[in-house]
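The structure under discussion appears below in the form of structure tokens.
Chain letters run A, B, ... following the sequence lines, proteins first, then strands; residues in each count from 1.
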Amino acid sequence: MERPAEDLSTMEVPVAPVVRDNQPAEGQERPGRKRKRRDPRPPAAVEVESAWTIDQFAVEPIAGQTRFHDFDIPPEVMHGIADLDFRYCTPIQEKSLPEVLAGHDLIGKANTGTGKSAVFLVAILARLMRDDREGKRPRALVIAPTRELVLQIARDGVALAKYTGLRVTAVFGGTDYQAQMNDLTRGTTDIVVATPGRLLDFLGKGILSLDGCGIMVIDEADRMLDMGFIPDVRRIIGRLPKKEERQTLLFSATLSEDVKHLASQWCVHPRTVEAEVEQVVVATVKQIVYLVTADEKYTVLYNLIARHRDERIIVFTNMKNEAKRLSDRLQRNGVECLLLSGEVPQVKRTSRLESFRTGRTNVLVATDVAGRGIHIEGITYAVNYTLPYEPEDYVHRIGRTGRAGAVGTAVSFACEEGAFYLPAIEEYIGRKLECVMPDEWLLQPPPKGAPAPRQERGEQAPRRQSSGRRKRRPGQRGGSSGNSA
DNA sequence: AAAAAAG
């Protein structure tokens with residue numbers, strides 16, 4: 001899990017170059033071509049010779065808790081699960097795993113942090129372990145709306161797949177065109193995790209064929225809708241086996257009519273599973289709204305950061321330039337921080353996120369590119385510098401804190417215009433938010449701004465303190481049920 | 001309305 005991101009596209013063990021299967025270059029149906037009828041249900045039981053047995057990974061039963069061990073998961077996959085210290089299932093895992101392992105299509109209503117990626121990754125791995133490997137084509141596809149999400153899923157996939165011999169390739173824009181292409185053309189990849197753009201690029205060039213994918217996952221389907229990805233997703237799905245011949249898992253934070261409509265087009269008799277409704281915002285996140293003027297916002301943020309300088313804080317804005325301006329201003333005031341938005345080159349996006357993840361830099365200023373899915377342990381504060389337009393985004397953003405049972409605080413600034421969005425948010429989360437005036441100490445004027453230092457210099461923002469002082473990675477992964485691969 | 005995604 002803690003592997004540097006850069007490893008991913010070069011992670012595959014080099015294999016003697018193989019000629020790609022004689023697929024039609026464009027991957028389209030060939031009229032006379034025979035396709036093996038694919039039973040969406042994997043064989044019920046298999047006798048695999050394995051170095052491991054399920055019992056090795058047994059954990060103590062707890063009343064009312066389902067264990068991963070309770071499912072029919074191949075030992076190699078169980079080993080990966082055990083390595084990640086996943087023992088007891090989250091609600092979505094408990095309800096989905098029986099369905100997906102039985103080969104059913106699934107519509108999962110789940111936010112990030114509920115453990116849904118473990119659901120589909122385990123489903124994929126279990127299935128691929130049981131199916132015979134045929135050809136050199138990838139046999140599973142996961143698509144997600146942001147690059148970071150793809151990277152993270154791929155990472156979790158690599159970790160879970162550690163003992164399976166199955167290989168994962170992350171395919172997304174902004175980096176490593178050649179490296180990704182090599183992985184795909186070598187035919188040594190079993191599972192492709194991708195954003196739509198780059199994937200379509202490869203598909204269009206005939207670099208990759210998806211007709212061996214007997215299982216596909218569409219993650220964050222509602223976000224895919226928002227971002228206008230659906231035509232792309234449609235085109236991608238058109239390259240997979242027909243829905244009757246594949247297993248399709250679709251996850252979405254909301255089950256709007258639009259999402260249901262998509263699901264009806266792409267799935268066959270899907271089972272629907274929802275994470276607990278109450279779980280919109282986890283109980284361990286304390287939510288506060290500061291009533292401030294537009295002028296006070298910065299001051300309050302500055303003081304909040306200054307007071308908690310050894311804690312990991314993520315600050316959200318609505319717009320890219322707002323994030324840029326804010327991070328510049330913080331740096332002028334000597335606050336070491338990282339900027340993350342869609343206009344930041346991908347290489348830097350990755351390295352900055354890594355820098356934040358490892359705790360080298362404690363403050364991240366971001367747009368909603370980082371709102372979903374990113375799981376980084378030990379974020380104690382999530383700040384809405386501006387309240388998001390969509391209530392869902394509020395939930396996603398503050399879900400960056402209070403993860404895995406840890407305690408976190410969500411701070412939102414409601415100035416004149418921002419307050420406009422509050423009622424919708426309160427309705428969405430089903431509770432009133434505590435609105436307070438900032439305390440005295442939060443209104444102390446920040447130091448006079450020095451001339452803006454450049455952020456880039458090997459990604460080292462100006463230092464405010466010696467790096468030796470802090471090192472800890474707060475929040476060990478909670479061992480019991482709060483996993484979220 | 002903004003953000004995200006292909007180069």
Legend entry - By side-chain hydrogen bond (donor to acceptor under 3.5 Å, both in side chains) - contacts of A:Gln346 (at least two apart): A:Arg147, A:Arg349, A:Thr350

Inset, instruction - Going 5' to 3' through nucleotides 1-7 of chain B, assign each nucleotide B (protein heavy atom under 4.0 Å from a base atom), S (under 4.0 Å only from sugar-phosphate atoms) or - (no protein heavy atom that close). - result: BBBBBBS

Inset, instruction - Mind checking ring pair (Phe, Tyr, Trp, His ring centres under 6.0 Å) for A:His308 and listing every partner two or more places apart, or none if nothing turns up? - result: A:Tyr381

Inset, instruction - Identify, with sequence neighbours excluded, every residue that meets side-chain hydrogen bond (donor to acceptor under 3.5 Å, both in side chains) alongside A:Arg271. - result: A:Glu99, A:His104

Which pairs of donor and acceptor atoms, one on a side chain in residues 255-266 of chain A, lie under 3.5 Å apart (sequence neighbours left out)?
residue	atom	partner	partner atom	Å
A:Ser256	OG	A:Val259	N	3.2
A:His261	NE2	A:Gln265	NE2	2.9
A:Ser264	OG	A:His261	O	2.6
A:Gln265	OE1	A:Arg234	NH1	2.7

Legend entry - A:Gln178: partners by side chain to side chain contact (heavy atoms under 4.5 Å, CB included), with sequence neighbours left out: A:Met181, A:Asn182

